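Shown next, in structure tokens, is the structure this report addresses.
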Amino acid sequence: MSALSDSFAVAESALPTPREEAWRSMPLRVLERRAFVAATHPSASPELVADVPTPRLVFVHGALNEALSDLTGLADGFTIEHDVVLDGATDAGASTFTRSALAQAATKIVLAPASSARLHIVELGLPTGDAELWHRHLHIDVGTDASLTLVEHQIASGAHSHFANGAVRVSLAAGATMRHARVNADPDGATRFLHTDVSVATKAHYARFDLELGAALSRHELRVRLDGNEASTAAHGALLGTGKRHIETRLQVEHVARDTRSDLQWRGLASGRSRVVMHGGIRIDAGADGSDAQLSNRNLLLSDNAEIDTQPVLVIHADEVKAAHGATVGQLDANALFYLRSRGVPEAQARRMLTAAFVQSLLSQVDDADIRTLLDARLSAALKQLDPGDNA
């Protein structure tokens, strides 16, 4: 993997191998024979982001595009700085991919205490002659009692085979609230790795929904630390595997303080020859008494050739806690399918209806109507692209 190693040249770091537990399911070998070039910054049509609300920041191949960005309506108390060099320790266990992203100058977003704001961030990938690689580093600070709504759109305007590598760090001060949604809709040939690290202070709340719809190879590491008493998180998501895609999410929630709460609900679909991997980990540290942690991961196999791997992990070092986790992998309910067929619904349509209901029911957990509408539209469009033959 020398060519790939050169693209992730970080001192004293090495690329992970399948021998490492956290990377054993990732088919990194598919990247061995690929060569990536440094990212260019091609021009993009305004039509590509016309349906994204303002205020918005637009990045093309990892670089800010001021022509497509539009900060109209940016709330008072909201500051955005680019190319900020940040000092900070990186976890000893962080991968070379994460370290490479964090080594970049960051876009820093700060919301002042007691303020309220919304922002959309768009990442565009465009067809070019070569497979390109870029890193993106985003740092977000939400002040005391402030409220931030942030939506990330990861989209493309055509087929490409680029590699997007990113790291996001979020810090919520006491009493802060953040609603964070992300839609990954990369094309079939793309690769996307992302590491998100969130710290939640006393009585702060972090709500998140991830919609994984794209990329040939995608991996998201999401770590949420409930650092303050009565901190909470509700992190949900849906993973849609189609074709030969590999979609992987590794979730780690750490209850550090007392009376913290986590609600984690995830759904997975795998059709064609795709593979969906979900690792859901909860750790309740010593002294984090009164914690309440719930994890559910339900999955549907829509093809005999698809694969779903789910691994819920619960580690408890405290007394007087409530914690539960569960994971299921199954197929469409034969009785429900028979019921719809007996009412004259064609088989392909019946399968689509049941599949859509399985995933879209999770959107009821999103309490922001605008975000819920956006996610529902993206998910509905993706579900319509499922080949009925995949479901047989």
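What you see is a predicted model; the values in this text were computed from it and never measured. Atoms considered below: every heavy atom in the structure, side chains included; atoms not considered: hydrogens, waters and symmetry mates.
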Query raised in the report: Can you check whether T328's main-chain N or O pairs, donor with acceptor, with N299's side chain at less than 3.5 Å?
Result: yes
Query raised in the report: Going through the checks in order, is the side chain to side chain contact (heavy atoms under 4.5 Å, CB included) test met by T128 and H160?
Result: CA-CA 7 Å; T128 58; H160 68 70; 6.0 Å; no
Report task. Report, as yes or no, whether the 6.0 Å neighbourhood of atom CD on Q365 holds more than 12 heavy atoms from other residues, nucleotides or ligands. Result -> yes
Query raised in the report: Would you call R225 and E254 a salt bridge, taking side-chain N to carboxylate O under 4.0 Å as the test?
Result: yes
**Report entry** S100 and H135: side chain donor to acceptor below 3.5 Å
**Finding:** no
Query - Greater than 12 external heavy atoms within 6.0 Å of R19's CZ - result: no
**Report entry** Polar side-chain atom of R267 near backbone of V359 as donor-acceptor pair, under 3.5 Å
**Finding:** no
Query - Single hit among E20, R250, R219 for side-chain contact (heavy atoms from CB on, under 4.5 Å) with M26 - result: R219
Requested in this report: Spell out, as yes or no, whether a donor-acceptor pair under 3.5 Å connects the side chain of N305 to the backbone of G272.
Outcome: no
Query raised in the report: Do you know the tightest heavy-atom contact between W134 and A39?
Result: CB-CB, 3.7 Å
Report task. Before accepting this row, confirm whether a basic side-chain N of the pair E212/R245 lies closer than 4.0 Å to the acidic partner's carboxylate O. Result -> no
Query - H246 and R275: side chain donor to acceptor below 3.5 Å - result: no
Query raised in the report: Taking C-beta and beyond as the side chain, do D376 and T373 meet within less than 4.5 Å on heavy atoms?
Result: no
Report task. Might you work through the side chain to side chain contact (heavy atoms under 4.5 Å, CB included) test for I121 and T107, ending with a clear yes or no? Result -> CA-CA 11 Å; I121 295 180; T107 293; over 6 Å; no
Query - Contact summary for D289 and V321, nearest pair of heavy atoms - result: CA-CG1, 4.3 Å
Report summary line: So OG1 of T191 and CG of L133: to nearest 0.5 Å the spacing works out to 9.5 Å
Query - Non-hydrogen side-chain atoms of S291 and T260 separated by less than 4.5 Å - result: yes
Query - Salt-bridge present (D263, R261; N to O < 4.0 Å) - result: no
Query raised in the report: What heavy-atom pair brings A238 and F209 nearest, and what distance separates the two atoms?
Result: N-CE2, 4.3 Å
Query raised in the report: Are the side chains of V183 and L375 in touch, meaning some heavy atoms are under 4.5 Å apart?
Result: yes
Query raised in the report: Are H220 and T196 close enough that a side-chain donor and a side-chain acceptor fall under 3.5 Å?
Result: yes
**Report entry** L295 to P312 - nearest heavy-atom pair and separation
**Finding:** CD2-CB, 4.0 Å
Requested in this report: Scan side-chain atoms only and decide if Q360 and S380 contain a donor-acceptor pair under the 3.5 Å cut-off.
Outcome: yes
Query - Any donor-acceptor pair under 3.5 Å from H162 side chain to L126 backbone - result: yes
Query raised in the report: Should the pair R169-D197 be classified as a salt bridge under the 4.0 Å nitrogen-to-oxygen rule?
Result: no
Query raised in the report: Using the ring of each side chain (for Trp, its six-membered ring), is F163 parallel, tilted or perpendicular to F97, with breaks at 30° and 60°?
Result: tilted
Query - Check: N65 side chain, A67 main-chain N or O, donor-acceptor pair, under 3.5 Å - result: yes
Query raised in the report: Of the options R136, R56, R182, which is the one that meets E152 in a salt bridge (Lys or Arg N to Asp or Glu O under 4.0 Å)?
Result: R136
Query - Between CG on residue N165 and CZ on residue R99, distance to nearest 0.5 Å - result: 13.0 Å
Query raised in the report: Can D285 and H317 be counted as having a side-chain donor-acceptor contact under 3.5 angstrom?
Result: no
Query - Rounded distance [0.5 Å steps], OG1 in T355 versus CG in L300 - result: 6.0 Å
Query raised in the report: Are a donor atom and an acceptor atom from the side chains of D227 and S199 found within less than 3.5 Å of each other?
Result: yes
Query - Close side-chain approach of W266 to L251, heavy-atom, < 4.5 Å - result: yes
Query raised in the report: Does any N or O in the side chain of N229 come within less than 3.5 Å of the main-chain N or O of R258, such that one atom is a donor and the other an acceptor?
Result: yes
Requested in this report: Would you confirm whether S271, through its side chain, and G241, through its main-chain N or O, come within 3.5 Å as a donor-acceptor pair?
Outcome: yes
Query raised in the report: Does R34 use its side chain to pair, donor to acceptor, with the backbone of S161 at less than 3.5 Å?
Result: yes
Query raised in the report: Do T177 and H205 have side-chain atoms, one donor and one acceptor, less than 3.5 Å apart?
Result: no
Requested in this report: Output, in order, the C-alpha distance, side-chain angles, deciding distance and verdict of side chain to side chain contact (heavy atoms under 4.5 Å, CB included) for R298 and F358.
Outcome: CA-CA 9 Å; R298 298 173 58 195; F358 174 78; 3.8 Å; yes
Requested in this report: Evaluate the side-chain proximity of I140 to L150: yes if any heavy-atom separation is below 4.5 Å, no if none is.
Outcome: yes
**Report entry** Atom CG of D51: over 12 foreign heavy atoms under 6.0 Å
**Finding:** yes
Query raised in the report: Taking 4.0 angstrom as the limit, do D368 and R118 come out as a salt bridge?
Result: yes
Query - side chain to side chain contact (heavy atoms under 4.5 Å, CB included) between H120 and V49, intermediate numbers included - result: CA-CA 11 Å; H120 292 259; V49 296; over 6 Å; no
Query raised in the report: Does Q265 reach the main-chain N or O of L362 with its side chain, forming a donor-acceptor pair under 3.5 Å?
Result: no
Query raised in the report: Within a strict 4.5 Å, meaning less than it, do heavy atoms of the V122 and L48 side chains meet?
Result: no
Requested in this report: Would you confirm whether H137, through its side chain, and Q104, through its main-chain N or O, come within 3.5 Å as a donor-acceptor pair?
Outcome: yes
